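Sequence lines set the chain letters: A, B, ... in the order given, protein chains first and strands last, and positions in each chain run from 1. Every value quoted in this text rests on a predicted model; they were computed, and no experiment measured them.
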Amino acid sequence: NAGVTQTPKFRILKIGQSMTLQCTQDMNHNYMYWYRQDPGMGLKLIYYSVGAGITDKGEVPNGYNVSRSTTEDFPLRLELAAPSQTSVYFCASVIGTGGNTIYFGEGSWLTVV
Amino acid sequence: ILNVEQSPQSLHVQEGDSTNFTCSFPSSNFYALHWYRWETAKSPEALFVMTLNGDEKKKGRISATLNTKEGYSYLYIKGSQPEDSATYLCAFWNSGYALNFGKGTSLLVTP
């Protein structure tokens with residue numbers, strides 16, 4: 001069972017470069033999320049989507065963009081990478097609202113130098 | 001932004017000790033409370049999802065309780081083992097579309 005798959009696992013970017021973190025889930029979940037985890041901080045919501053074609057900003061959206069063209073895929077785009085975007089990124093999905101288990105990908109470690 | 005507070009921030013216990021952590025959350029517009037176990041380099045693993053006031057859930061040596069009226073949840077680990085070492089995350093879901101996470105409690109269990 002694949003669950004939530006995100007790539008790449010590790011990446012080093014130079015300041016000003018752009019990249020896309022890929023996320024795909026095979027559970028036919030409606031809701032998908034991108035969180036970032038910084039040392040000593042909880043998971044902060046970057047963007048979320050409640051279905052194909054629908055996305056919305058979370059708590060820390062600046063410097064990121066997302067799209068949701070299919071139910072399965074929810075890529076996160078970093079434009080003009082900055083050192084402040086050095087973090088661990090998690091993609092997650094859930095079938096519906098909060099009473100259901102949310103499934104996470106294994107994380108993407110991004111360093112911007 | 002909904003504040004979810006977890007305490008303690010970190011904990012170091014000996015193998016065999018029992019321990020507990022606290023999660024505080026807003027008591028209004030409650031929908032669900034989640035507990036996750038997260039080991040570095042792995043994905044957070046769901047432990048419990050609780051929705052009803054007074055809920056008590058158990059999974060092996062780990063259990064959790066929920067008080068939605070006063071806005072807190074406790075996670076208990078009985079007879080801690082080194083493999084229990086991880087960060088335990090609490091997350092709150094209200095009437096919105098996403099979980100709001102606390103900063104986590106980092107547990108270290110030494111033999």
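- Residue contact with chain A, scored on non-hydrogen atoms closer than 4.5 Å, involves the backbone and the side chain of Y97(B) alike.
- Using a 4.5 Å cut-off between heavy atoms, L43(A) contacts chain B through both its backbone and its side chain.
- At a heavy-atom separation below 4.5 angstrom, chain B is approached by no residue within residues 13-24 of chain A.
- Contacts of F48(B) with chain A are absent, with no heavy-atom separation under 4.5 Å from either backbone or side chain.
- What you find for A98(B) and Y35(A) is that their closest heavy atoms are CB-OH, 4.0 Å.
- Residue with the most contacts toward chain B among V94(A), I102(A), T101(A): I102(A) (heavy-atom pairs, distance under 4.5 Å).
- Side-chain contact between N100(A) and V49(B) is absent, with no heavy-atom pair separated by less than 4.5 Å.
- Heavy-atom pairs under 4.5 Å with chain B were tallied for Y103(A), Y33(A), W109(A); the largest tally goes to Y33(A).
- Chain A forms more heavy-atom pairs under 4.5 Å with one residue of T51(B), L89(B), L99(B) than with any other, namely L99(B).
- Listed by first and then second residue, the salt bridge (Lys or Arg N to Asp or Glu O under 4.0 Å) pairs that reach into residues 92-113 of chain A are K9(A)-E106(A), sequence neighbours excluded.
- For chain B, no part of Q6(A) is nearby; none of its heavy atoms comes within less than 4.5 Å.
- Between K42(B) and F90(A), the shortest heavy-atom contact is O-CE2, 4.0 Å.
- In E79(A), the CD atom is crowded: over 12 heavy atoms of neighbouring residues, nucleotides or ligands sit closer than 6.0 Å.
- A pairwise comparison of heavy atoms in F104(A) and P44(B) identifies CB-CD, 3.6 Å as the closest pair.
- Looking only at heavy-atom pairs under 4.5 Å with chain A, the residue among H34(B), K103(B), E45(B) that has the most is K103(B).
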